[in-house]
Trainee: 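Dropping the structure in here first, questions after.
All values reported here derive from a predicted model rather than from experimental measurement.
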Amino acid sequence: MNKKIVMPKVFDDWYKDVTAESSDIQGIINSFNSTIDGEYNSYEPERELYIWVHSGKYNRVLGMNLVDENRYRKCLEAILYGYEFDN
């Protein structure tokens, strides 16, 4: 049996908010990508997720706020395959 990926509260809060409106996978992925691109109007769950995905290994390299590829991939896998919440 495949174990589901474990995600932090910041992702869980965002995911529950997005899926309250729709369970369409493509729509959820589009919303995720918009959030990561910075199109989120300071809404708390989106802002927190943006900060988490941008605050990993490559944060502030040469003054740029880069996406942490591992965190980005984890989020996509959680959306596609499900996840467990890490308390």
Trainee: Do any pairs count as a salt bridge (Lys or Arg N to Asp or Glu O under 4.0 Å) and have a residue in residues 44-54, sequence neighbours left out, and if so which ones?
Mentor: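 Listed once each, the pairs are E44-R47.
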Trainee: Considering residues at least two apart in sequence or located in another chain, which fulfil the side-chain hydrogen bond (donor to acceptor under 3.5 Å, both in side chains) criterion with Q26?
Mentor: N30
Trainee: For the CH2 atom of W14 and the CD1 atom of I28, what is their distance to the nearest 0.5 Å?
Mentor: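 Those atoms lie 6.5 Å apart.
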Trainee: Just jot down the salt bridge (Lys or Arg N to Asp or Glu O under 4.0 Å) partners of E77, sequence neighbours excluded, or say none.
Mentor: none
Trainee: Excluding sequence neighbours, so at least two apart, what forms side-chain contact (heavy atoms from CB on, under 4.5 Å) with K9?
Mentor: D13, F85
Trainee: The criterion is side-chain hydrogen bond (donor to acceptor under 3.5 Å, both in side chains); which residues satisfy it with Y15, sequence neighbours excluded?
Mentor: none
Trainee: May I ask you to test the W52-R71 pair for a side-chain heavy-atom distance under 4.5 Å?
Mentor: yes
Trainee: Under the side chain to side chain contact (heavy atoms under 4.5 Å, CB included) criterion, do L76 and F32 qualify, and how do the steps go?
Mentor: CA-CA 8 Å; L76 285 180; F32 172 70; 3.8 Å; yes
Trainee: Check the hydrophobic clustering (I, L, V, M, F, W, Y; side-chain heavy atoms under 4.5 Å; chains of links allowed) and say if V6 and Y72 are grouped together.
Mentor: no
Trainee: Indicate the atoms forming the closest heavy-atom contact of Y50 with I36, along with that distance.
Mentor: CE1-O, 3.2 Å
Trainee: Can you tell me how far CG of D68 sits from NE2 of H54, rounded to the nearest 0.5 angstrom?
Mentor: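 Between H54 NE2 and D68 CG, I get 10.0 Å after rounding to 0.5 Å.
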Trainee: When rounded to the nearest 0.5 angstrom, what is the spacing between OG in S31 and CG in L49?
Mentor: 9.0 Å
Trainee: The criterion is side-chain contact (heavy atoms from CB on, under 4.5 Å); which residues satisfy it with S22, sequence neighbours excluded?
Mentor: D24
Trainee: Going by the rule salt bridge (Lys or Arg N to Asp or Glu O under 4.0 Å), which residues pair with D17 if we only count those two or more places apart in sequence or in a different chain?
Mentor: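 None.
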Trainee: On the 0 to 90° scale, with breaks at 30° and 60°, tag the F11-Y83 ring pair as parallel, tilted or perpendicular.
Mentor: perpendicular
Trainee: Looking at side-chain heavy atoms only, is the closest gap between V53 and C75 below 4.5 Å?
Mentor: yes
Trainee: For a 4.5 angstrom cut-off between non-hydrogen side-chain atoms, does M7 reach E84?
Mentor: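 Result no, sub-4.5 Å side-chain heavy-atom pair not found.
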